[in-house]
Structures are given as C-alpha cells and as structure tokens.
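In what follows, a single structure is set out as structure tokens and then discussed.
Note that the structure is predicted; figures quoted are calculated from it, not measured.
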Amino acid sequence: SLASTSRHPVRRLSIIYYLYEHTECLEVIKMPHLGEVFPNFSADTTMGKIQFHDWIGDSWAILFSHPADYTPVCTTELGHVASIVPEFQKRGVKPIAVSCNSVEDHNGWIRDIQDFSKLGDKWPYPIISDPNRELAVQLGMLDPAEKDKAGLPLTARAVFIIGPDKKLKLSLLYPATTGRNFDEILRVIDSLKLTAEKKVATPANWKQGGNCMVLPTVKPEDCPTLFPKGVETKAMPSGKAYMRFTPQPD
C-alpha cells in the first residue's frame, strides 16, 4: 500500500507513477470533467490545513499547479498572481496554488518570489504542499514529457476554476515549460461569471464590456424582456437567424 511506503519517498513516487501510467487505474486517476463536483481534498498549505470545499465557501476559486519550488517559470507565475490578487478579490475569486514540495520549502521559496517580483512582506494566498505528488496524480496533472532528476514526471501547469457550487467550470493544461497568461485567465473568469447569470455567450476575443451573443435557446419573443438594451441579428447567407448580438447585460 501507499501508506507502507511513507518512509521511502522515491519508492512511493514510483508506485504513484506506475498507477498513473497504467490504463486500468485511470478510472480513479483522471482530471476532473467540466460540470463535475471538484474533489474535496484535505491538504497542508502555507496558511494552515484546509478542506478544499470549506476553504472555497461561497466564493469562486482558482487552483493552479506548479512543477516544483525554486523553478524559474513558476517563480514568475506565483509572483504575478500575488500582484493581481486584488483583481481576483474584485471578482469574488480565491486563488490557491499547489507545488510538489513541503510547506517549509514553500515558505523559503516565497521569500525569493517576493524579492523577484518586488512584493511586500505579506504573502496573499495559500500554496498547497504535495511532496508525494498524490494530489497531482488524483487530479491528473502530471506531465510525462517533463521529468525530475529521479526520472519521475513533473506536475503540469494545470488551471482549475471552481464555482460556489463546487463544480468545475473550466480547466486548462499547459506543459511544464510554458508559463500561463493570467490576463486571459481573468478574462475567462469574467466570461464564466457573466454567462452563469445571464442567457448569453461571449464571442472570440471578448473582453469585459464588449457585446455578447444571445444563446440559441432564447426565443425571439423573450428577447425584449431579457435584453432591454436591444438585440441585433446579423443576416447570414443560410437565412438562419442565429447570429444575435446584445450589449453586455448589467
């Protein structure tokens, strides 16, 4: 069992990776699907022990993973997220990170991140400790193309956005070598929150305040009530009236 390997971390990680690579185990080791309730894991973090669903509470949450502490791309990412925490707070979103090291390692690394990104002394969000990669495996976040010195896979750069109902609203998976664009992640959050409340979708390259598209399921007779700012229907060669635009609802 995994418990019996707790004193042998390399052996433990080898067993975890074996489970990850063998398809008969994928029914229990897979990335959560959109619309599913996100796993309610417990974990140690730089801000104490958490139960994930309790930590989210009535907020939205973003969980983003990192291959390892004291790595260059991760240092830029965590520093940038710390600098835009007010943007997450404005949207009612709690950020939390996970990296495959101990809380002690995280706390030492935070000092480097603060220095590199010219941040203040107070670190604004928790970093989960996952030294045995158990959470990384549970959430399907390993990158088999990138390995550490022991030949074990690094954690990919996953992004999970979870709603107040604890269901997964969006997932993104980047390779370990590619840093994330957090301007895009904020844009996606704006779209997710808007479309969760209004009967609209957001078109390509949409930004906050831009025109939205009326959902195909909305009947024409309901548009005046739902969209008092008006609806513009673009004529298409097919003659089908499905390209319906409206100013962003309040």
Side-chain angles (χ1 to χ4, degrees), residues 2 5-21 29-32 38-39 41-50 52 55 61-85 88 94-119 123-161 171-182 185:
L2 288 179
T5 64
S6 59
R7 295 184 180 179
H8 304 280
V10 174
R11 186 188 305 168
R12 184 183 182 89
L13 291 178
S14 297
I15 292 171
I16 290 172
Y17 188 35
Y18 175 88
L19 293 173
Y20 179 78
E21 286 222 306
I29 299 173
K30 63 181 179 65
M31 182 173 287
F38 201 80
F41 59 85
S42 60
D44 292 321
T45 82
T46 52
M47 294 183 176
K49 193 171 186 67
I50 65 164
F52 192 55
W55 177 82
I62 176 170
L63 168 63
F64 52 104
S65 63
H66 296 271
D69 292 7
Y70 299 104
T71 51
V73 176
C74 300
T75 298
T76 65
E77 288 188 319
L78 268 74
H80 183 69
V81 170
S83 73
I84 61 170
V85 161
F88 288 113
K94 292 181 175 180
I96 187 168
V98 56
S99 184
C100 294
N101 294 85
S102 67
V103 168
E104 183 180 3
D105 287 338
H106 291 347
N107 284 328
W109 184 31
I110 282 171
R111 290 192 288 273
D112 283 1
I113 298 168
Q114 290 169 319
D115 180 79
F116 176 79
S117 297
K118 297 178 171 57
L119 302 170
W123 186 253
Y125 61 90
I127 305 176
I128 295 168
S129 170
D130 189 30
N132 293 320
R133 289 175 168 83
E134 291 178 353
L135 185 58
V137 169
Q138 180 185 356
L139 300 179
M141 300 189 298
L142 296 183
D143 182 356
E146 298 291 332
K147 295 182 171 60
D148 63 14
K149 293 178 181 179
L152 297 167
L154 294 175
T155 304
R157 299 184 191 282
V159 177
F160 299 110
I161 298 177
S171 63
L172 297 168
L173 191 62
Y174 294 69
T177 51
T178 301
R180 284 158 283 208
N181 184 330
F182 284 92
I185 290 170

With Trp109, the side chain to side chain donor-acceptor pair (under 3.5 Å) member among Thr75, Asn101, Asp69: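 Only match with Trp109 under side chain to side chain donor-acceptor pair (under 3.5 Å): Thr75.
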Can you give me the closest heavy-atom contact between [X] and [Y], atom names plus distance?
{"X": "Arg157", "Y": "Val73", "result": "NH2-CB, 3.2 Å"}
{"X": "Gly79", "Y": "Ser117", "result": "CA-OG, 3.3 Å"}
{"X": "Ser102", "Y": "Ser129", "result": "CA-OG, 3.4 Å"}
{"X": "Asp105", "Y": "Tyr70", "result": "O-OH, 3.6 Å"}
{"X": "Cys74", "Y": "Ala68", "result": "SG-O, 3.8 Å"}
{"X": "Tyr174", "Y": "Thr178", "result": "CB-O, 3.8 Å"}

First locate atom [atom1] of [X], then atom [atom2] of [Y], and finally report the distance between them rounded to the nearest 0.5 Å.
{"X": "Ile96", "Y": "Leu63", "atom1": "CD1", "atom2": "CG", "result": "6.5 Å"}
{"X": "Leu78", "Y": "Leu119", "atom1": "CG", "atom2": "CG", "result": "10.0 Å"}
{"X": "His66", "Y": "Thr71", "atom1": "NE2", "atom2": "OG1", "result": "8.5 Å"}
{"X": "Thr76", "Y": "His80", "atom1": "OG1", "atom2": "NE2", "result": "9.5 Å"}
{"X": "Phe52", "Y": "Phe38", "atom1": "CZ", "atom2": "CZ", "result": "5.5 Å"}
{"X": "Phe64", "Y": "Ile185", "atom1": "CZ", "atom2": "CD1", "result": "8.5 Å"}

Qualifying residue for side chain to side chain contact (heavy atoms under 4.5 Å, CB included) with Leu139, from Pro39, Ser65, Ser171: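 One option only clears the test, and that one is Pro39.
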Other residues, nucleotides, ligands: >12 heavy atoms within 6.0 Å of Phe116 CZ: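 12 or below, so no.
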Pairwise side-chain contact, Asp115 with Asp112, heavy-atom cut-off 4.5 Å (strictly under):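 Sidechains of Asp112 and Asp115: no contact.
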Output field: ring centroids Phe88/Tyr125 closer than 6.0 Å: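 No, too far apart.
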Whether [X] side chain and [Y] backbone form a donor-acceptor pair below 3.5 Å:
{"X": "Arg180", "Y": "Ala158", "value": "yes"}
{"X": "Thr46", "Y": "Ile127", "value": "yes"}
{"X": "His106", "Y": "Ile128", "value": "yes"}
{"X": "Thr45", "Y": "Met47", "value": "yes"}
{"X": "Asp130", "Y": "Leu135", "value": "yes"}

